[in-house]
Amino acid sequence: MLAQTLSRSDVALTALIALAATTGVAHAFAAPAQGDLGYDIYDIVVNKGVKGPLGFVGGVAAFLFGVSRLFSNIMIGIPTIVAAVCLIKSDSILQTFGMLI
């Protein structure tokens, strides 16, 4: 009986801490402006890498790999296809999360 009470109180305390941690001021991600600290790294990684031709080719390659795995192992194929689509549309996803947060 005591073990059940402790586990229920642990769950309640964990839920309370999680609720308190998530109810803060929301901050949306904003891309750094040119001249800011870290803009060069952001420009190379995001603009030229993920949103550029490297990210598109990587997304298409991952999508084709996921489709090829879909017929042999569906548990690898579906997450790979979802990750590839997220990589291809990463700029839209980032903007959407920025609007929601």
Side-chain angles (χ1 to χ4, degrees):
M1 184 72 163
L2 182 62
Q4 275 186 334
T5 306
L6 289 176
S7 68
R8 287 181 183 167
S9 65
D10 290 340
V11 171
L13 182 62
T14 304
L16 183 64
I17 290 172
L19 182 65
T22 58
T23 57
V25 178
H27 298 286
F29 175 77
Q34 191 168 4
D36 285 349
L37 181 66
Y39 174 76
D40 294 330
I41 296 171
Y42 176 83
D43 185 45
I44 291 169
V45 172
V46 175
N47 292 334
K48 295 179 182 171
V50 175
K51 292 195 298 188
L54 291 175
F56 182 76
V57 170
V60 170
F63 183 79
L64 293 176
F65 176 75
V67 169
S68 71
R69 290 286 140 199
L70 192 62
F71 299 111
S72 63
N73 190 353
I74 197 165
M75 296 306 286
I76 293 176
I78 291 176
T80 306
I81 291 172
V82 170
V85 171
C86 288
L87 179 62
I88 292 171
K89 300 299 285 181
S90 62
D91 55 336
S92 301
I93 293 170
L94 182 64
Q95 291 172 358
T96 303
F97 280 136
M99 283 188 261
L100 293 176
I101 296 178

| task | Could you name each residue pair satisfying salt bridge (Lys or Arg N to Asp or Glu O under 4.0 Å) that touches residues 33-47, not counting sequence neighbours? | result |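 Qualifying pairs: D43-K48.
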| Heavy-atom check, side chain of F56 versus side chain of P53, under 4.5 Å |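 When only atoms from C-beta onward are counted, P53 and F56 do not touch, as no gap falls below 4.5 Å.
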| Looking at A84 and G59, what are the two nearest heavy atoms and their distance? |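 Closest approach of A84 to G59, heavy atoms only: CB-O, 3.3 Å.
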| request: Heavy atoms only: give me the nearest V50-S90 pair and the separation to one decimal. | output: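 Taking every non-hydrogen atom into account, CG1-OG, 3.0 Å.
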Are [X] and [Y] linked, directly or through other ILVMFWY residues, by side chains that come within less than 4.5 angstrom of each other?
{"X": "I76", "Y": "F71", "result": "no"}
{"X": "L70", "Y": "F63", "result": "yes"}
{"X": "M75", "Y": "F65", "result": "no"}

| said: Please report the interatomic distance CG(L54) to CD1(I44), rounded to the nearest 0.5 Å. | reply: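 The distance works out to 12.0 Å.
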| field | side-chain contact (heavy atoms from CB on, under 4.5 Å) against L64, all qualifying residues, sequence neighbours excluded | value |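 Listed in chain order: V60.
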| said: Suppose we screen for side-chain contact (heavy atoms from CB on, under 4.5 Å). Which residues come up paired with L37, at least two apart in sequence or across chains? | reply: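 Partners of L37 by the side-chain contact (heavy atoms from CB on, under 4.5 Å) criterion come out as none, since no residue qualifies.
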